[in-house]
Amino acid sequence: MKALVCLALFLTGCSGPSRGENAAMEEQFTVMRDTMIANQIAARGILDPKVLEAMHAVPRHKFVPEEYSREAYEDYPLPIGEGQTISQPYIVAFMTEILRPRPGQKVLEIGTGSGYQAAILAEMGAEVVTIEILPSLAERAQARLTELGYGRVRVMTGDGYRGYPAEAPYDAIIVTAAPERIPEPLIEQLKVGGRMVVPIGRYTQELKLLRKTADGTTVEDVLPVRFVPMVGEVEK
Ligand code: SAH
């Protein structure tokens with residue numbers, strides 16, 4: 001049947017949806033995105049307008065493999081290949097809200113994955129450096145970010161355990177793969193007055209908010225979470 005339809009459409013071209021169909025699909029995605037923001041994000045108490053605006057602006061469906069694009073606005077994480085996942089939308093919003101990135105601030109992310117979290121931070125005006133240990137994901141994320149207008153995000157391939165000293169210190173650091181302890185080099189690369197959000201633990205994990213002050217650091221448990229484990233040097 002599909003072949004017949006293709007045959008019938010041959011003269012007008014059968015290479016995928018037409019421009020009109022694409023525009024209609026994009027409109028549907030926008031509706032799904034706004035429903036997600038209302039029902040999953042705002043309804044659960046994330047009220048920072050800057051976070052909500054960024055979630056509205058970034059097309060999450062472009063950050064998941066095509067076969068999952070219709071699920072991009074559902075209330076759960078999704079596979080992005082290589083056994084990794086893009087976080088549940090609420091978790092991205094929650095972490096962003098407590099990280100409090102301000103325009104012009106320098107933010108380091110460990111665990112680029114799809115690049116979605118990095119795009120949200122860039123949309124909020126932060127200068128983003130993000131590190132991904134798996135080269136194939138890093139490459140795809142950089143290409144996607146550039147295509148979507150977030151080409152200023154710098155995606156580095158490597159082990160984020162040691163951070164990225166060349167650009168340190170950072171106003172904020174967000175870690176989206178779970179180590180068992182907070183990596184010391186990341187604390188060192190945080191500015192005094194800076195904030196770090198990091199999931200800690202192996203089987204049960206707790207999202208921690210670390211604040212660096214002139215006298216040291218304070219660490220607060222903020223939410224039980226489930227992230228993929230951080231791999232690499234942290235395991236040694
Ligand atoms: N922030 C991502 C989701 C993170 S999934 C998004 O918005 O899509 C966690 C990612 O951390 C995975 O891609 C995994 O490969 C990566 N990762 C795991 N250990 C790492 C390490 N030591 N350094 C850098 N990235 C790491």
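Side-chain atoms are counted along with the backbone in the values below, which use heavy atoms only and exclude waters and symmetry mates. Here the structure is a predicted model, which means the values were calculated and not measured. Read the numbers this way: they start at 1 and go in the same order the structure lists the ligands and their atoms.
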**Q.** Under 4.0 Å to a heavy atom of Leu137 - the qualifying atoms of ligand 1, by number
**A.** 13 (O)
Q. Quick one: nearest non-hydrogen protein atom to atom 15 (O) of ligand 1, plus distance?
A. Glu132 OE2, 2.6 Å
Q: Show which atoms of ligand 1 fall inside a sub-4.0 Å distance from at least one heavy-atom site of Thr85.
A: 3 (C), 4 (C), 5 (S)
Q) N/O to N/O below 3.5 Å, does that happen between Gly111 and ligand 1? A) yes
(Q) Tell me the protein heavy atom at minimum distance from atom 18 (C) of ligand 1, and give that distance in Å. (A) Ala177 CB, 3.7 Å
Q.
Less than 4.0 Å is my threshold; does some heavy atom of Ser114 fall inside it relative to ligand 1?
A. yes
Q.
Under 4.0 Å from a heavy atom of Leu134: which atoms of ligand 1 are those, numbered in the order shown and with their elements?
A. 15 (O)
Q: Would you kindly say whether Glu71 and His61 are connected by a side-chain donor-acceptor distance under 3.5 Å?
A: no
Q) For Ala118, is the nearest heavy atom under 4.0 Å from an atom of ligand 1? A) no
Q. Which protein heavy atom lies closest to atom 7 (O) of ligand 1, and at what distance to 0.1 Å?
A. Gln117 N, 3.1 Å
Q: Give the residue and atom name of whichever protein heavy atom lies nearest to atom 12 (C) of ligand 1, and the separation in Å to one decimal.
A: Gln84 OE1, 3.2 Å
Q: Below 4.0 angstrom from a heavy atom of Asp159, which ligand 1 atoms are there? Numbered from 1 as shown, please.
A: 21 (C), 22 (N), 23 (N)
Q.
Side chain or backbone, does Thr176 bring an N or O within less than 3.5 Å of an N or O on ligand 1?
A. yes
Q) Is the closest N or O pair between Val231 and ligand 1 shorter than 3.5 Å? A) yes
Q | Polar contact flag for Ile133 and ligand 1 (N/O pairs, less than 3.5 Å) | A | yes
Q) At a 4.0 Å threshold, what atoms of ligand 1 neighbour a non-hydrogen atom of Gly158? A) 23 (N), 24 (C)
Q: Could you verify whether a donor N or O on one side chain and an acceptor N or O on the other, from Thr112 and Glu132, lie under 3.5 Å apart?
A: no
Q: Using non-hydrogen atoms of the residue, decide whether Glu233 is closer than 4.0 angstrom to ligand 1.
A: no
**Q.** Given Leu209, Leu121, Asp171, the one that forms side chain to side chain contact (heavy atoms under 4.5 Å, CB included) with Leu99
**A.** Leu121
Q: Kindly confirm or rule out a cation-pi arrangement of Arg60 over Tyr116, judged by NZ or CZ under 6.0 Å from the six-membered ring centre and within 45° of its axis?
A: yes
Q.
Within ligand 1, which atoms have a heavy atom of Ile86 less than 4.0 Å away?
A. 8 (O)
Can you give the donor-acceptor pairs under 3.5 Å from side chains of residues 136-145 to other protein atoms, not counting sequence neighbours?
residue : atom : partner : partner atom : Å
Ser136  : OG   : Glu82   : OE2          : 2.5
Gln142  : OE1  : Val155  : N            : 3.1
Gln142  : NE2  : Val153  : O            : 3.2
Arg144  : NE   : Lys62   : O            : 3.1
Arg144  : NH1  : Ser114  : O            : 2.8

**Q.** Heavy-atom gap Ile120 to ligand 1 smaller than 4.0 Å
**A.** no
Q. Among protein heavy atoms, which sits nearest to atom 23 (N) of ligand 1, and what does the distance come to when rounded to 0.1 Å?
A. Gly160 N, 2.8 Å
